[in-house]
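Encoded as structure tokens, the structure appears first; notes follow it.
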Amino acid sequence: MSALAPSPLAIVDAEPLPRQEEVLTDAALAFVAELHRQFTPRRDELLARRAERRAEIARTSTLDFLPETAAVREDDSWKVAPAPAALNDRRVEITGPTDRKMTINALNSGAKVWLADFEDASAPTWENVVLGQLNLTDAYERRIDFTDERSGKSYALKGADELATVVMRPRGWHLDERHLQVEGQAVPGALVDFGLYFFHNAKRLIELGKGPYFYLPKTESYLEARLWNDIFVFAQDYVGIPQGTVRATVLIETITAAYQMEEILYELRDHASGLNAGRWDYLFSIVKNFRDGGSKFVLPDRNLVTMTAPFMRAYTELLVRTCHKRGAHAIGGMAAFIPSRKDAEVNKVAFEKVKNDKDREAGDGFDGSWVAHPDLVPIAMKSFDAVLGDKPNQKDRLREDVSVAPGDLIAIDSLDAKPTYDGLVNAVQVGIRYIEAWLRGLGAVAIFNLMEDAATAEISRSQIWQWINAGVVFETGETATADLARKVAAEELAAIREEIGDEAFTSGKWQQAHDLLLQVSLDADYADFLTLPAYEQLR
């Protein structure tokens with residue numbers, strides 16, 4: 001462990017929280033401050049590169065595999081490090097925020113892995129940031145329990161050998177943590193989340209036979225993966241654990257990263273565990289990057305873009321082939337359905353869809369997949385058990401039959417579907433309802449029997465923006481305009497007030513959510529991330 005100097009890190013504008021001193025120790029803050037000093041300048045450069053690349057896409061309306069990294073792709077000799085035992089079988093992974101109840105339920109769910117989320121399923125209130133860390137440490141120390149005040153139901157952990165392996169997801173590079181600053185500059189949220197978790201738990205996890213494992217969100221280039229790799233090398237040395245103890249799974253949820261999958265694995269190869277197909281953020285990224293590319297890049301309603309769409313097939317099959325070629329796990333997409341306690345018929349139809357989706361992923365060669373609710377774990381497990389049997393994964397399926405050309409990944413017009421008026425209404429409904437909950441500190445929200453997170457709101461507002469700017473004409477004969485979006489939003493706001501009553505409406509953040517959705521959907525200057533203006537309003 002490096003010698004400690006007084007931490008220059010200041011806690012700013014934050015109400016004290018119970019037991020926060022266990023998380024925000026002098027030693028942990030000194031580590032986060034050192035991460036900030038060493039790596040934030042490179043983070044800033046990489047964010048600037050994102051803007052440059054987006055400007056280039058606006059000029060060319062195309063993307064290609066990188067000529068400057070062809071040697072990495074053509075060299076068949078390299079592989080990622082072998083998976084540690086705790087991450088070798090990942091056939092079902094459950095996702096969710098790190099509140100106390102979810103922590104227990106996810107670990108107990110029967111899934112092999114829990115994605116403990118500080119990113120899209122968590123609104124980054126100071127309470128969620130700090131107490132989420134505390135909940136994970138309490139779980140590793142087996143001192144976590146929870147009693148639901150409303151139902152009186154108690155929750156406690158099962159035996160250690162029955163618990164899911166934790167893979168923690170920090171915030172994306174674009175988000176800062178305003179409550180932790182060095183000389184007036186906010187520390188990147190990614191470094192706060194990673195730093196506090198790693199510092200407190202790396203050695204503890206090794207003692208438990210596991211390790212500090214991470215999901216890396218919203219990566220846009222292999223240079224961003226290189227930055228993470230350098231952070232891992234520094235962090236392992238800092239706390240004195242062997243190099244290669246960290247393992248990272250990268251979400252391929254941006255269109256630019258889809259063209260750099262091999263390079264991303266190469267940069268992280270001593271620390272890489274796999275890649276994941278993150279569907280909603282991927283669609284959001286396509287809209288964001290090709291928003292001025294004309295009608296051929298206009299996406300239909302999000303519910304009409306299934307994983308069997310040709311450009312989505314190209315993306316997922318290339319991901320499986322790339323991972324298995326390099327010895328990495330390929331993890332499939334999210335089953336977001338939330339079972340209804342009232343409607344057995346809704347459940348029956350949805351469970352069949354989930355089964356078909358997971359059957360397809362297992363059949364395509366994925367080594368595992370995501371679910372959002374414990375009731376879906378057995379369904380997904382059955383799909384992967386049928387293909388894997390006793391094997392922990394199917395990395396031996398190299399999928400050499402797959403061949404993806406650069407244009408295949410952005411052949412949006414290969415999809416035989418168009419935007420609909422109902423799609424506009426749904427985007428507004430989901431957008432307002434999600435943002436309202438987010439502004440109250442909730443990141444994972446059940447809406448219309450689906451577990452929605454920030455990626456959902458991003459695709460909703462991006463589609464509204466794209467349809468208006470492309471002058472889409474719906475099947476009703478109406479043209480997508482700002483005035484039409486305002487009309488639909490006003491009707492939805494009135495419907496919500498009618499549904500929940502004046503008192504609940506007034507005590508919520510409904511008007512604020514309505515205004516913010518319209519702001520990011522109608523502004524001529526497209527906001528890179530909805531969560532940036534939303535964070536300014538999060539208190």
Side-chain angles (χ1 to χ4, degrees), residues 1-4 22-32 34-35 38-39 79-90 93-94 98 103-104 106-109 111-118 132-144 157-170 190-216 225 228-250 268-274 327-329 331 368 392-393:
M1 177 86 60
S2 304
L4 286 180
E22 296 174 43
V23 176
L24 305 172
T25 64
D26 289 344
L29 292 179
F31 174 60
V32 173
E34 192 59 23
L35 290 174
Q38 295 223 21
F39 299 108
K79 297 270 195 290
V80 304
L87 275 183
N88 202 29
D89 187 334
R90 305 178 61 172
E93 304 192 350
I94 193 167
T98 54
T103 296
I104 298 168
L107 289 170
N108 286 346
S109 66
K112 297 290 187 181
V113 165
W114 171 35
L115 185 159
D117 201 8
F118 287 83
Q133 296 279 352
L134 194 65
N135 291 336
L136 292 177
T137 301
D138 279 354
Y140 301 146
E141 293 288 309
R142 296 196 67 87
R143 59 183 183 219
I144 192 169
L157 290 179
K158 294 179 179 176
D161 58 345
E162 297 180 79
L163 301 181
T165 293
V166 174
V167 180
M168 182 272 218
R169 180 163 71 168
L191 297 182
V192 173
D193 299 338
F194 165 80
L196 292 174
Y197 180 75
F198 180 89
F199 185 84
H200 288 299
N201 297 303
K203 289 183 175 178
R204 184 179 278 121
L205 285 160
I206 293 168
E207 289 168 7
L208 292 171
K210 299 189 177 182
Y213 306 142
F214 298 93
Y215 258 111
L216 304 181
W228 270 119
N229 196 72
D230 290 347
I231 289 167
F232 297 154
V233 170
F234 169 80
Q236 290 165 126
D237 277 350
Y238 189 98
V239 302
I241 61 174
Q243 289 296 329
T245 305
V246 169
R247 284 293 191 279
T249 306
V250 180
L268 286 158
R269 59 196 179 281
D270 295 333
H271 301 107
S273 177
H329 281 76
I331 307 298
N393 54 60

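All heavy atoms count here, side chains included; hydrogens, waters and symmetry mates do not. The shown structure was predicted, so the numbers you read here are calculated from the model rather than taken from an experiment.
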For this session: Determine, stepwise, if the pair Arg169 / Asp193 fulfils side chain to side chain contact (heavy atoms under 4.5 Å, CB included).
Result: CA-CA 8 Å; Arg169 180 163 71 168; Asp193 299 338; over 6 Å; no
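- The nearest pair of heavy atoms linking Leu29 to Leu24 is CD1-O, 3.8 Å.
- Contact annotation: the side chain of Thr137 approaches that of Arg204 to within less than 4.5 Å [non-hydrogen atoms, C-beta and beyond].
- Side-chain atoms of Asn393 and Asp89 include no donor-acceptor pair closer than 3.5 Å.
- Aromatic ring centres of Phe194 and Trp228: separated by under 6.0 Å.
- A donor atom on one side chain and an acceptor atom on the other are not found under 3.5 Å apart for Asn201 and Gln133.
- Distance check, rounded to the nearest 0.5 Å: CG of Leu35 to OH of Tyr238 gives 8.5 Å.
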For this session: Tell me, with the steps shown, if Arg247 and Asp270 meet side chain to side chain contact (heavy atoms under 4.5 Å, CB included).
Result: CA-CA 8 Å; Arg247 284 293 191 279; Asp270 295 333; over 6 Å; no
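- Here Asn135 contributes atom CG and Ile104 contributes atom CD1; the two are 8.5 Å apart, rounded to the nearest 0.5 Å.
- For the pair Thr165 (side chain) and Val113 (backbone), a donor-acceptor distance under 3.5 Å is absent.
- Of all the heavy atoms in Thr25 and His200, the pair that sits closest is OG1-CE1, 3.8 Å.
- In this structure, the side chains of Phe232 and Phe198 stay at 4.5 Å or more apart for every pair of heavy atoms.
- When all heavy atoms are compared, the tightest approach of Leu87 to His329 is O-CE1, 3.3 Å.
- Of all heavy-atom pairs between Ser273 and Arg90, the closest is OG-NH1, 2.8 Å.
- Counting only heavy atoms from C-beta outward, the side chains of Tyr213 and Met168 never approach each other to under 4.5 Å.
- Looking at every heavy atom in both residues, Ala139 comes nearest to Ile144 through CA-CG2, 3.8 Å.
- Looking only at side-chain heavy atoms (C-beta outward), His271 and Gln236 come within less than 4.5 Å of each other.
- Under the 6.0 Å cut-off for aromatic ring centres, Tyr197 and Phe118 do not qualify, their centroids lying 6.0 Å or more apart.
- Neither side chain, Asp117 nor Thr98, offers a donor N or O lying under 3.5 Å from an acceptor on the other.
- Contact annotation: the side chain of Arg269 never approaches that of Asn229 to less than 4.5 Å [non-hydrogen atoms, C-beta and beyond].
- Listed here is the closest heavy atom pair of Ala106 and Ala164: O-CB, 4.0 Å.
- The structure places NZ of Lys203 at 14.5 Å from CG of Leu208, a figure rounded to the nearest 0.5 Å.
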Exercise. Please walk me through it: do Tyr140 and Val166 pass side chain to side chain contact (heavy atoms under 4.5 Å, CB included)?
Worked result: CA-CA 10 Å; Tyr140 301 146; Val166 174; 3.3 Å; yes
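- Here the straight-line distance linking atom CG of Leu134 with atom OG1 of Thr103 works out to 10.0 Å at 0.5 Å rounding.
- Inter-residue side-chain proximity for Trp114 and Val167 is flagged as unmet; no heavy-atom pair is nearer than 4.5 Å.
- Side-chain contact between Ile94 and Leu115 is absent, with no heavy-atom pair separated by less than 4.5 Å.
- Proximity of Lys158 to Leu107: side-chain heavy atoms (C-beta onward) are nowhere separated by under 4.5 Å.
- Remark: the Tyr215 side chain and the Glu93 side chain contain an N/O donor-acceptor pair separated by less than 3.5 Å.
- Atom OG1 of residue Thr245 and atom CG of residue Leu205 lie 11.0 Å apart, to the nearest 0.5 angstrom.
- Taken from CG in Leu196 to CG in Leu191, the straight-line distance is 10.5 Å, to the nearest 0.5 Å.
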